[in-house]
Every structure is written in structure tokens, then in C-alpha cells.
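Protein chains get the first letters and strands the later ones, always in sequence-line order, with residue 1 at the start of each.
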Amino acid sequence: MRTPMHDLFSELKAAVADAVREVAADPALGVPIENPPDPKLGDLATPVALGLARTLRRPPREIAAQIAARLEALPGIAGVEVAGPGFVNLRVDRGAALRRLLEPDRPTARRPGKLVVEHTNINPNKAAHIGHLRNAVLGDTLVRCLRALGHEVEIQNYIDDTGVQVADVVVALRELAGLDEQGFAGMVERAEQRVAEGRGGGIDHDLWDLYARVSAWYAEDAARERHRAETLAALEHGEGDIARLGARVAREVVRCHLRTMDRIGVRYDLLPKESDILRHRFWQAAFERLKQTGAIRLSTEGKTAGCWVMNLPHDEEGDSEHEYEKVIVRSNGVVTYVGKDIAYQMWKFGLLDRDFDYRPFALFRYPDASLWETAPPGEGVADHPPFGGASRVYNVIDVRQSYLQRVVQRGLEVQGFTDQARESIHFAYEMVALSPRTALELNPELELDDDERRRPFLDMSGRRGLGVKADDLIDRLEAKALEEVRSRDPGLSAQDAQRIAHDVACGALRYYMLRFTRNKIVAFDIDAALAFEGETGPYAQYACVRVRRIVEKLSERSGISADEVLAGLPEAEFAAIPPDQQLDHWSLVLLATRLPETVRAAVDHLEFATLARYAFELAQAINAFYHRFPVIREPDERTRTARLAILVVAARTLERALALMGVAVPPRM
RNA sequence: GCGCCAGUAGCUCAGCUGGAUAGAGCAUCGGUCUUCUAAACCGGCGGUCGCAGGUUCGAGUCCUGCCUGGCGCGCCA
């Protein structure tokens with residue numbers, strides 16, 4: 001994929017900043033360079049004179065004029081103006097900019113260090129739901145952007161195969177369904193048959209229903225809780241019938257999750273498993289270090305007496321007066337979840353002097369890439385890529401885990417791993433809930449009181465039968481997209497129509513999951529998610545398709561190939577555009593130069609809604625341009641070429657922005 | 001009780017480190033297909049930016065207090 005991440009105006013911006021610093025006689029001055037709200041004002045702008053006015057005690061416009069005079073001499077600057085309260089507005093050489101954009105991309109420079117991105121992390125006991133989709137799409141988009149910026153990235157999907165959730169479904173299988181491992185294998189076989197025939201979901205869908213029943217079963221008789229505890233202990237111990245059934249359940253469900261995520265283009269490099277963290281005794285290694293460094297201490301008094309605890313500040317500021325004790329090892333000697341998490345985080349940075357064994361994940365394979373899982377000691381293969389050892393770790397986990405993520409981070413810090421603590425990044429995002437309308441649509445029997453009906457969203461708790469399976473949503477999107485595709489082009493082959501419908505459905509879904517800022521609760525609404533109009537993935541895809549069609553039509557009419565049509569574009573001259581249309585044409589070019597800075601800002605702030613919004617704005621601009629300025633019908637050849645070149649530059653940029661979000665553009669739609 | 005997040009148009013949301021007239025989408029009303037695909041375009045309607053103070057040339061954005069809603073704060077995971 002071609003992803004030019006160099007900023008077209010980076011040299012120019014640096015030169016402007018230097019010149020301003022010279023005028024201000026302040027070599028350390030920060031010079032903000034912005035994009036003016038209206039292209040009529042200029043291409044780049046700096047409000048720096050407004051800030052200087054205070055320190056220099058002179059009118060801002062006077063300072064601005066002085067800066068403007070100095071900037072006029074800079075190469076690449078076509079004009080400088082002082083405007084408003086004291087903005088300095090710059091106009092750049094348009095012809096040169098268009099030529100640069102039409103040049104072949106320079107390869108992106110590789111950056112040192114490996115980054116680990118952990119995302120998805122679904123409990124392997126039932127089907128993925130829409131909340132998991134938000135996690136996976138955010139994580140996958142982060143990965144795509146990091147790679148585009150030149151980083152080496154390892155994608156980990158952590159599998160908690162020995163936790164309570166798996167234990168509960170194992171209890172349900174044994175006690176409610178009366179199945180052993182053999183029986184479960186039969187159930188899986190029937191499910192896979194169903195999937196192969198396109199009649200429904202995999203075993204994860206069966207377990208979704210089964211799991212929904214088990215909490216009620218526990219509630220009926222308090223004595224039944226014993227099953228949960230025994231099963232959990234068996235899973236952790238790792239031997240015997242129950243452990244084998246648990247491992248099997250986890251493997252089969254993970255296979256289903258991988259299949260679901262693969263449908264929307266989300267893939268992984270490694271599946272680290274909780275069971276292997278236990279078998280490789282990661283915690284024991286971390287425990288020694290934590291004790292040695294004094295990061296944790298044995299509490300001797302108070303309610304934590306007998307526990308190993310870590311001292312933590314009460315608030316975000318690290319106010320040391322209000323510290324409290326966080327239990328890491330219980331008084332019965334059993335490590336807590338956070339304790340294991342600290343050990344796992346240490347491994348990710350290569351701070352633990354031990355490693356997993358690894359083997360290819362046999363149940364699910366990508367056609368052109370390998371997928372690895374961790375293995376118990378002695379069960380891995382000799383030849384595997386190096387895993388872990390990251391210089392930075394992104395954990396994509398919902399915001400409710402913020403506190404625990406801070407504990408993990410603190411766990412590294414108090415051991416003296418301050419760099420790694422700083423590079424432990426919690427990519428937090430808000431929950432996905434359901435709009436009341438959608439909750440009712442999915443479950444008409446649901447009784448909502450007046451208060452609930454008025455709320456913007458409802459929590460999708462499993463108990464009330466709320467929740468939307470990821471597969472079901474994707475199915476509905478594909479079916480709806482297929483209907484739309486068919487109605488537009490009845491002549492398409494079934495296979496082509498299917499393929500386009502898939503791209504459209506996936507584009508709609510991924511865009512929907514990205515369009516809200518991350519600390520906004522998504523009130524999931526089926527109708528809004530299924531929409532293909534307005535601010536949606538398909539809207540943006542369509543803009544690209546239309547530009548491609550122009551190239552195709554030109555190719556048909558002139559008898560030369562589409563590639564040859566494109567090969568002629570570097571000849572385009574911006575000056576061939578009629579003067580009264582230049583501003584409108586230039587605005588589109590200018591917008592297309594902003595992808596790199598948008599991607600960098602998105603990664604820096606971990607806010608991909610800005611990238612989604614950029615894509616939408618670019619699509620809007622392309623569509624409006626498309627209507628106003630015909631290409632094929634344009635009689636003047638030079639104007640036609642320039643116009644096409646601008647449209648192609650914009651569409652290519654949009655396509656790249658979409659690719660970074662995992663949204664593919666179909667050949668037609 | 002403490003902490004985090006949210007409160008902007010009828011609805012759903014943007015608004016980058018305080019900066020030029022507060023923007024989109026949906027909904028609604030009215031236009032635009034013999035034309036490069038109308039999954040589109042153009043226009044209208046619609047806002048005391050939760051409330052009250054403060055900081056300054058300038059506040060949706062920063063500070064303080066308050067109100068409303070959500071989440072978190074466990075020898076659960």
C-alpha cells in the first residue's frame with residue numbers, strides 16, 4: 001500500500017517558523033502554523049503575532065506586518081497578507097504543489113523499535129458482540145496508521161482461556177447441557193456444518209445462549225457456586241477432563257472470533273494465552289522482581305494484613321499524602337488479576353527473563369500470513385519469529401479498566417522501569433450501548449419503563465437478552481448492501497455483487513465504529529449503522545468509485561488504457577484552470593495535502609474520529625467538485641487534464657485515508 | 001465520599017495545543033438526473049455551547065463552584 005506520510009509543506013512550514021523566530025529575536029519561540037478557515041484567506045496562517053503582542057507590548061497588526069515583510073522573500077511563497085486582528089496568511093505556489101502531489105511517492109522511512117498493540121481480547125466463551133467490534137476496529141486502525149508512519153508493529157490478541165467466563169460456560173455445558181468433551185465436539189461439528197451451509201453462526205453462537213442461562217442457574221441454588229470455583233481451579237491447574245474441555249471450548253471459540261474479525265479485515269500476529277502465562281510461571285518471575293525492588297511489600301496490619309500490596313496514590317495527580325494499598329497477592333497466597341497483568345506487561349517489554357513457547361495456530365489460518373499462539377513449555381516449535389520485546393505497548397481496552405491499567409503502569413514504574421511505564425499506553429475508549437429503539441427492535445418482548453425509553457442509550461447486559469452479535473450485524477449489513485447493489489446493477493454476476501456488498505458492508509461498519517470520538521458512549525442504533533447515506537463509509541467509497549469511473553470512461557472513449565490515462569497526468573498544469581475556477585480547484589488540492597498531518601494527529605491523540613471526519617470532508621469536496629466541474633465534457637484539453645489530475649489526487653488520498661481505517665473501495669457500486 | 005467521562009441545532013455528533021462569522025449528518029421544507037452512476041449535488045429552517053462566576057485583546061475550548069447523567073474506586077476477573 002502506498003502511504004505517503006511526508007507533509008507537502010513541511011519544509012515551507014519550518015522555513016516560516018525560522019523566519020518568524022528571527023523577526024521576534026526569540027530562537028525558542030513556538031510558531032503555530034494553522035490552516036485558515038476559508039481558502040480565500042490563504043493556504044497557511046500563523047496567529048503568532050497575536051501572542052507576541054503581549055510580550056512585545058506592540059499592536060499585533062504591526063508585528064504581523066513586520067513578519068509578513070520578512071516572509072515574502074521565502075521561496076515557495078506566492079503571497080503574504082496580514083488579516084483580521086493580526087493573522088499572517090500565506091499563499092503557496094499552486095502549480096508546484098500540484099506537481100509534487102502527482103509525483104511518485106517516496107518510501108516511508110522505517111522507524112526504530114517495535115510497537116506492540118494488544119486489542120480484541122474477547123473472553124473465549126461466547127460470540128463477539130458489537131462492543132468487541134469497536135475495540136477491534138480501533139485497534140486495527142491504530143495498527144494500520146502506525147505501520148503507515150513507518151513503525152514495526154506486532155498485533156497481540158490476548159486469550160483469557162482460564163478465567164471465570166470460560167469456567168461458567170464449561171459449567172453450563174456439563175451441568176445444563178449434560179455434555180462432556182466428546183459431546184461438545186459433536187456440538188462443534190454440527191455448528192461448523194451450519195456455518196458451511198450458511199445457515200447460522202458457529203459454536204460461539206450456541207454458547208452465547210447457553211451462557212445467558214448459567215447465571216440464573218447459579219442463582220436458583222447458592223450451593224451451585226461450588227461448580228464455578230471447582231471448574232476455575234481445574235482450568236488454572238490445567239489437568240484433567242474439565243481442563244481439557246475448557247481448553248477445547250476456548251480454542252473453538254477463538255477460531256470463531258478470528259473468523260468474525262477476518263470478515264472485517266482484522267488480523268493478528270500472536271495469540272498469547274493466560275494458560276501459558278501460568279505454565280511458564282511468568283508471575284513467579286515477576287513476583288521475585290517486585291519483592292526485590294521493593295515495589296510491593298508484605299502488609300502486616302490493617303485489613304490487608306498478610307497480603308502483598310503496592311502503594312498507590314488516590315488520584316490522578318499522584319498526591320502522595322493520600323496513598324492506599326492495592327492488594328497484589330492475597331493472604332491465601334493467590335495472585336490477583338492485576339498481578340498477572342503486571343507480569344504480562346513486563347514480558348511485552350522484554351523485562352521478564354523468560355519467554356513463551358510458540359506454535360502456529362492450527363484451527364485458523366490466514367492465506368498469506370501466519371498466525372501464532374503461545375504454547376506450554378516444551379510444546380512450541382523451534383523456528384518462530386521473535387515476539388514481545390517492545391519499545392512501546394498500546395493496550396486497547398475500554399475505559400472501565402483505566403484504574404487497573406494505571407496499576408499495571410505503576411507496577412512498572414515502582415520497579416524502576418520508568419521508560420516502560422511511560423511507554424505503556426492505555427488506549428481507552430467508551431462503551432457501546434444500545435439505543436432504546438434498537439433494544440426494542442431486537443427484543444420486542446423487552447419491557448422498558450418510561451425512564452428507560454427516554455434515555456439516550458441502554459446498557460446491553462446479557463441478562464435481559466440485550467446485545468447484538470457481531471456476526472448478526474455483519475450479516476444484516478451484507479444482506480442490505482447486496483439488495484442495494486443488485487438494484488443498481490442487475491447485470492452483475494452473483495460473485496461480483498457479493499464482493500461489492502461485502503466491501504460496502506464492511507466499510508459502513510468500520511466507519512460507524514470510528515466516527516464517534518473515543519470517549520463518547522456509542523448508542524448503537526441498527527438503522528443508523530445500516531445507513532449508507534450521509535456521513536458513512538459507503539458515501540466515501542462512492543466518491544472514489546465515481547472518480548475511477550471517469551478514468552474508465554476516458555479510457556474507453558480514447559481507446560487507451562486507464563493506466564495510460566493516468567500516466568499523462570504529471571503533465572497537468574494548474575494554470576490551465578480558468579482563473580475564476582482556480583480557487584475551487586485549489587481548495588480540493590489543499591484538502592488533499594492534509595492527510596499526513598491528520599494521520600499523525602490521530603495517532604498522537606489516539607483519536608481516529610478525526611481521520612474518519614477528514615475522509616468524509618474529502619469525500620464531500622470530491623462529490624461537490626464532481627457535480628460542478630465536468631471532466632469528460634470539458635472541451636479544452638489542458639483544462640481537462642488539470643481537472644482530472646486534481647480529482648485523481650483527491651480520490652487517491654481519500655482511498656488511502658479509507659485504507660488506513662480498513663475500508664476498501666470496491667471497483668464499482 | 002473520592003476519581004474519570006459526558007452535557008453544543010428536534011435527534012446523533014464535530015469543533016486540533018484559547019483565535020477569524022459555532023460546523024456536519026439525520027430529520028424537515030424546496031430545487032437538480034436525455035449529461036462522468038441521484039449511495040449524489042444545491043438551497044431554506046434550526047443554537048442563551050448544562051448553570052453561575054472568574055482569567056484576557058479574545059473562552060464552546062482554560063480556572064473555581066454547582067446541576068444532571070454514565071462509569072470506576074474488591075483479598076472479582
Asks: Side-chain N or O of A:Tyr512 less than 4.0 angstrom from OP1 or OP2 on B:rC26?
Replies: no
Asks: What is the separation between atom OH on A:Tyr542 and atom C1' on B:rC36, rounded to the nearest whole Å?
Replies: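 Distance, rounded to whole Å: 10 Å.
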Asks: Looking at A:Ser299 and A:Glu301, would you say the former's side chain and the latter's main chain have a donor-acceptor pair under 3.5 Å?
Replies: yes
Asks: Is there a donor N/O on one and an acceptor N/O on the other, under 3.5 Å, for the side chain of A:Asp168 and the base of B:rA77?
Replies: no
Asks: Between A:Arg633 and A:Tyr403, which is nearer to the 5' end of RNA chain B once each is assigned its nearest nucleotide?
Replies: A:Arg633
Asks: Taking the C1' atom in each of B:rU35 and B:rG10, what is the distance between them to the nearest angstrom?
Replies: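 Each nucleotide's C1' atom is 38 Å from the other's.
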Asks: Above 12 or not: heavy atoms from other molecules or residues under 6.0 Å from CD of A:Glu62?
Replies: yes
Asks: Rounding to an integer number of Å, can you tell me how far A:Asp584 CG sits from B:rC41 P?
Replies: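 It is 15 Å, rounded to the nearest whole Å.
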Asks: For the side chain of A:Arg297 and the backbone of A:Val309, is there at least one donor-acceptor N/O pair under 3.5 Å apart?
Replies: no
Asks: What integer number of Å spans the C1' atoms of B:rC33 and B:rU48?
Replies: 44 Å
Asks: Do we get A:Lys480 above A:Phe532's six-membered ring, with its NZ or CZ under 6.0 Å from the centre and within 45° of the axis?
Replies: yes
Asks: Suppose you measure atom C1' in B:rG18 against the same atom in B:rC49; what distance do you get, rounded to whole Å?
Replies: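 These two C1' atoms come out 15 Å apart once rounded.
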Asks: Within this structure, what is the CZ-to-C1' distance between A:Arg628 and B:rA40, rounded to whole angstrom?
Replies: 15 Å
Asks: Considering the options A:Ile122, A:Asp398, A:Val137, which one meets the side-chain contact (heavy atoms from CB on, under 4.5 Å) requirement together with A:His132?
Replies: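 Considering A:Ile122, A:Asp398, A:Val137, a side-chain contact (heavy atoms from CB on, under 4.5 Å) with A:His132 is found only for A:Ile122.
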Asks: Once you apply a heavy-atom cut-off of 4.0 Å, does A:Val329 come out as touching a base, just sugar-phosphate, or nothing?
Replies: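 No contact.
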Asks: Under 4.0 Å between a side-chain N/O of A:Arg594 and OP1 or OP2 of B:rC16, yes or no?
Replies: no
Asks: Test of understanding: with side chain to side chain donor-acceptor pair (under 3.5 Å), list the residues that count as partners of A:Glu478, not counting sequence neighbours.
Replies: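 With neighbours one apart ignored, the set is A:Arg263.
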Asks: Which residues pass the side chain to side chain donor-acceptor pair (under 3.5 Å) test with A:Arg228, not counting sequence neighbours?
Replies: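 By the side chain to side chain donor-acceptor pair (under 3.5 Å) rule, A:Arg228 matches A:Asp168, A:Glu225.
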Asks: Using the C1' atom in both, what is the distance from B:rC5 to B:rC42, to the nearest Å?
Replies: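 It comes out at 39 Å once rounded to the nearest Å.
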Asks: Could you state the atom-to-atom distance from CD of A:Glu597 to P of B:rU17 in whole Å?
Replies: 14 Å
Asks: Between A:Gln581 and A:Arg628, do the side chains contain an N or O donor and an N or O acceptor separated by less than 3.5 Å?
Replies: no
Asks: In which ranges does RNA chain B form stems of 3 or more consecutive Watson-Crick or G-U pairs, distances under 3.5 Å?
Replies: B:1-7 with B:67-73, B:10-13 with B:23-26, B:28-32 with B:40-44, B:50-54 with B:62-66
Asks: For nucleotides 27-34 of chain B, which of its nitrogen or oxygen atoms have a protein nitrogen or oxygen under 3.5 Å away, and what is each distance?
Replies:
none

Asks: For a quick test of reading the model, state the closest non-hydrogen atom pair linking A:Leu477 to A:Ala508 and the distance between them.
Replies: CD2-CB, 4.2 Å
Asks: Taking the minimum atom-to-atom distance to the side chain of A:Phe616, which one of B:rA20, B:rA24, B:rC13 wins?
Replies: B:rA24
Asks: Supply the atom-to-atom distance A:Arg652 CZ to A:Leu566 CG, rounded to the nearest 0.5 angstrom.
Replies: 6.0 Å
Asks: Is there ring stacking between A:Phe87 and B:rG19, where the centres must be under 5.5 angstrom apart and the planes under 30 degrees?
Replies: no
Asks: If we take the P atom in both B:rG1 and B:rC11, what is their distance in whole Å?
Replies: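 30 Å, rounded to whole Å.
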Asks: Pick the C1' atom in B:rU12 and in B:rG47, then give their distance to the nearest Å.
Replies: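 Those two atoms are separated by 15 Å.
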Asks: Could you measure between the two P atoms, the one in B:rG65 and the one in B:rG19, and give it in whole Å?
Replies: 24 Å
Asks: If I compare all heavy atoms of A:Asp43 with all of A:Pro36, which pair ends up nearest, and what's the gap?
Replies: O-CD, 3.5 Å
Asks: For a quick check under 3.5 Å, do A:Gln620 and A:Tyr539 share a side-chain donor-acceptor pair by atom type?
Replies: no
Asks: Classify the side chain of A:Thr304 and the base of B:rC75 as holding, or not holding, a donor-acceptor pair under 3.5 Å.
Replies: no
Asks: Which is true for A:Ala305 with a 4.0 Å heavy-atom rule: it touches a base, it touches only sugar-phosphate, or it touches nothing?
Replies: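 It contacts base atoms.
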Asks: Do A:Val407 and A:Met310 have side-chain heavy atoms sitting under 4.5 Å apart?
Replies: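 A:Val407 reaches A:Met310 side chain to side chain.
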Asks: Residues from residues 547-560 of chain A sitting under 4.0 Å of RNA chain B, heavy atoms only?
Replies: A:Arg549, A:Ile550, A:Lys553, A:Arg557
Asks: Pick the closest RNA chain B nucleotide for A:Glu607 and for A:Glu484 by heavy atoms, then say which residue is nearer the 5' end.
Replies: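 Checking each residue's closest nucleotide, the 5'-ward one belongs to A:Glu607.
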Asks: Roughly how far, to the nearest 0.5 Å, is OG1 of A:Thr610 from CD of A:Glu607?
Replies: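 It is 6.0 Å, given to the nearest 0.5 Å.
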Asks: Contact class for A:Val504 vs. all strands (heavy atom < 4.0 Å): base, sugar-phosphate, or nothing?
Replies: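 Base: the residue A:Val504, judged by heavy atoms under 4.0 Å, touches a nucleobase.
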Asks: Does the cation-pi check pass for A:Arg546 over A:Tyr626, that is, NZ or CZ under 6.0 Å from the six-membered ring centre and within 45° of its axis?
Replies: yes
Asks: Within the 4.0 Å heavy-atom criterion, would you say A:Val166 contacts the bases, only the backbone, or no part of the nucleic acid?
Replies: nothing
Asks: Just to be sure I understand the rule, does A:Ser402 reach a base, reach only the sugar-phosphate, or reach nothing, if contact means heavy atoms closer than 4.0 Å?
Replies: nothing
Asks: Using a 4.0 Å heavy-atom cut-off, does A:Gln620 contact any base of the nucleic acid, only the sugar-phosphate backbone, or nothing at all?
Replies: sugar-phosphate
Asks: When you compare B:rG44 with B:rA39, how far apart are their C1' atoms, in angstrom units rounded to a whole number?
Replies: 24 Å
Asks: Name the pairs: protein N/O against N/O of nucleotides 58-62 of chain B, kept only if under 3.5 Å.
Replies:
residue : atom : partner : partner atom : Å
B:rG58  : O6   : A:Arg54 : NH2          : 3.3

Asks: Find the distance A:Phe532:CZ to B:rG25:P and express it as a whole number of Å.
Replies: 19 Å
Asks: Is there a donor and acceptor pair closer than 3.5 Å between the side chain of A:Arg488 and the base of B:rA39?
Replies: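 By the distance-only test, yes, there is a pair.
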Asks: Calculate the interatomic distance between A:Tyr626 atom OH and B:rU35 atom P; express it in whole Å.
Replies: 11 Å
Asks: Take atom CG of A:Asn519 and atom P of B:rC4, then tell me their distance rounded to the nearest Å.
Replies: 14 Å
Asks: Given atom CD1 of A:Ile33 and atom C1' of B:rG19, what is their separation to the nearest angstrom?
Replies: 16 Å
